[in-house]
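This report concerns only the one structure given below.
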Amino acid sequence: MLKERNPDLSRYVEPDRVRKEVYTDAEIFEREMERIHETVWIYCGHESQVPKAGDYCAVQIGRQPMIMVRGKDRKVNVLYNRCPHRGNMIVGDRKGNTGEQFRCSYHAWTFHHDGKLKNIPMMESGYAGTRYGKDNPDCSMKKAARVESYRGFVFASLSSSGPSLKDFLGKSIVAFDDMCDRAPGGEVEVVPNCFRVIQHSNWKLFMENQIDALHPSVTHQSTGRAAHEVEKILAKNAKGGEALSYHMLSAFATVTIDKWDNFQTINYPHGHCILTGYMGLRPQDPDTKAYDKVMIKAYGRKRFEEIVGVNIHHVLVYPGLSVQSPLQQLRAVRPLGVDRTLTEIWHFRLKGAPEAIYRRSLAYYNLVNSPATLINADDLENFWKCHTGLSSDGGDWVSFGRHHGRDIEEKGVVSSGPNMGTSEAPMRNQMKAWAKYMKEETRTP
Amino acid sequence: MKAQYDVEQFLYKQSELLDTKNWQGWIDLFAPDGIYWMPPDASYETWDGQPAIFAEDKNLMTVRMLRVLHPDAWSQRPLWETNHVVSNVSILKASKNGDVEVRSRFHMMELRRDDVRHFAGSYFHKLKKTKSGYAIKLQRVDMTNAQAAYDYVLQVWV
Ligand code: FES
Ligand SMILES: [Fe+2]
């Protein structure tokens with residue numbers, strides 16, 4: 001536990017291991033919300049979630065309830081979901097359209113879509129001569145310090161200083177390029193309704209698991225084997241149509257633990273990571289051929305080959321986003337407490353691509369990411385078991401020693417060594433970024 | 001009256017198969033092209049081409065069954081039990097050939113380790129009359145809390 005008032009948390013992180021309190025201590029959680037989630041760029045949502053003026057979605061950034069809303073000027077604003085009068089939340093729903101203005105349900109103060117005070121009932125008689133009124137910024141809804149979007153993906157930072165979104169993302173920006181480039185028009189749109197799943201563990205266990213190449217064949221064996229059985233029967237009956245989604249599932253068993261060393265992780269500053277590994281999305285069926293045709297028409301053959309040849313399995317944008325760009329889906333992490341984490345899982349449609357391509361990734365979205373998931377259920381079980389185990393006195397450290405000392409580092413970019421895809425380099429890299437963030441407060445109001 | 005009785009008996013049997021973990025028996029209730037569907041939102045009108053909590057044909061049901069029965073399905077090993085109650089059964093449409101469309105309501109209590117959860121909602125069944133009784137063409141399951149954040153996921157059919 002935290003005995004000192006201001007402990008140097010970097011002492012909790014060694015190059016190849018981390019103290020258990022980093023996952024289980026409630027005070028550390030509060031501090032990481034301040035210094036990490038409520039400071040850096042956090043994903044809010046996609047612009048297509050709020051197409052019309054007044055459309056809004058509720059978003060959690062760290063511990064802060066926020067609103068992402070489209071203004072009449074088409075701008076997407078991110079505001080604190082809090083009334084400047086007496087603190088009431090402005091919206092209670094997760095999404096909707098607020099019309100011309102926000103209207104507080106308590107005493108009817110109204111606000112423009114950018115949060116500016118519009119009116120107060122009987123403002124003149126009630127406030128003349130006081131310090132309250134339209135000229136006082138304290139009477140408007142507070143805005144996120146910074147909002148930027150990249151290719152339709154909206155991020156906010158609650159700190160007015162710090163790197164720009166592009167600098168923050170660095171190479172991990174490929175997540176959004178790879179996703180959008182796969183659309184003939186270079187754009188994606190959100191598929192309405194995300195899946196929301198709660199895990200009983202610290203949020204970092206999720207981030208570590210997403211690029212953990214060591215676990216799939218162990219954790220997800222049962223589904224891999226089951227899908228493989230059915231896949232064999234289907235192949236015998238030579239139907240073949242559904243083959244791809246079965247194949248994605250059976251890969252969890254057929255790609256055995258030793259083969260995962262063929263994958264590679266590339267780790268970047270700020271804790272971001274790319275897990276390479278081609279997802280085999282280029283079968284030669286009529287649907288793929290039709291898609292290729294539209295893409296070649298849009299981009300030319302050379303650029304098309306580049307786009308569909310991108311070698312990505314997952315991109316992790318630390319601390320809160322995991323993107324599977326070749327399948328157009330992402331998971332946003334919303335920490336609820338030191339031992340509870342919500343993930344929102346979204347699917348996107350490639351604008352202008354044939355319906356069959358959408359359906360292909362939809363199948364994966366449903367099978368892997370729905371609340372009835374055949375895959376994540378076993379991850380969730382591990383998360384809970386990990387968190388419970390870490391809360392015990394059975395040991396003080398979490399080990400990240402696999403292939404430690406064999407990473408290849410060049411200009412701040414750390415790659416797992418050749419044929420060492422199961423290296424725990426991504427966890428070491430995340431914790432390095434974590435320790436740096438936790439060392440000092442960098443948030444400015 | 002006869003159809004009402006037969007439909008009710010059929011729904012009771014389905015619940016019993018689930019609660020006794022007779023997965024193959026449950027899958028066998030479906031017609032060869034039958035679909036089990038749980039939409040994430042009540043406004044959805046088709047299972048096809050949209051996000052779904054479940055949208056399974058018999059092949060996918062078989063994957064799910066084999067997975068749950070696999071000894072290394074880690075999350076499925078601890079004790080869990082369910083108890084379904086089906087009621088409010090009303091036949092919405094009855095065709096001359098004996099096919100029916102039925103709405104009913106369910107309540108399911110689930111025990112997992114020491115935790116109890118409750119799920120409730122409505123079923124919509126399209127049942128085809130066959131020589132050996134009804135076969136399910138479509139089973140739509142609308143959970144009252146379909147849009148809720150799931151505190152742990154569902155692993156078998158509701
Ligand atoms: S609290 Fe919002 S108007 Fe009073
Ligand atoms: Fe996993």
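Naming: A, B, ... by sequence-line order, numbering from 1 per chain.
A donor-acceptor pair under 3.5 Å is formed between the side chain of A:Y358 and the backbone N or O of B:G49. Put simply, the side chain of A:D378 gets close to the backbone of B:S75: a donor and an acceptor are under 3.5 Å apart. Looking only at distances, no side-chain donor or acceptor of B:Q147 sits under 3.5 Å from a matching main-chain atom of A:F195. Side-chain N or O atoms of B:R64 include one that pairs as donor or acceptor with a backbone N or O of A:A372 at under 3.5 Å.
For B:L69, no part sits under 4.5 Å from any heavy atom of chain A, backbone or side chain. Interface remark: B:P40 contributes side-chain atoms only to the contact with chain A (heavy atom separation under 4.5 Å). Within the 4.5 angstrom heavy-atom criterion, atoms from both the backbone and the side chain of A:L374 approach chain B.
Listed here is the closest heavy atom pair of B:R67 and A:A226: N-CB, 3.5 Å.
Among the candidates A:H347, A:E229, A:R225, the residue making the largest number of heavy-atom pairs closer than 4.5 Å to chain B is A:R225. The most heavy-atom pairs under 4.5 Å with chain B, out of A:D379, A:T219, A:V191, come from A:T219. Most heavy-atom pairs under 4.5 Å with chain A: of the set B:D41, B:L60, B:T62, this distinction falls to B:L60.
Comment: B:R112 does not engage A:E381 in a salt bridge, judged by the lack of any side-chain N to carboxylate O separation of less than 4.0 angstrom.
Residues A:P371 and B:I53 meet the side-chain proximity criterion, which asks for heavy atoms closer than 4.5 Å.
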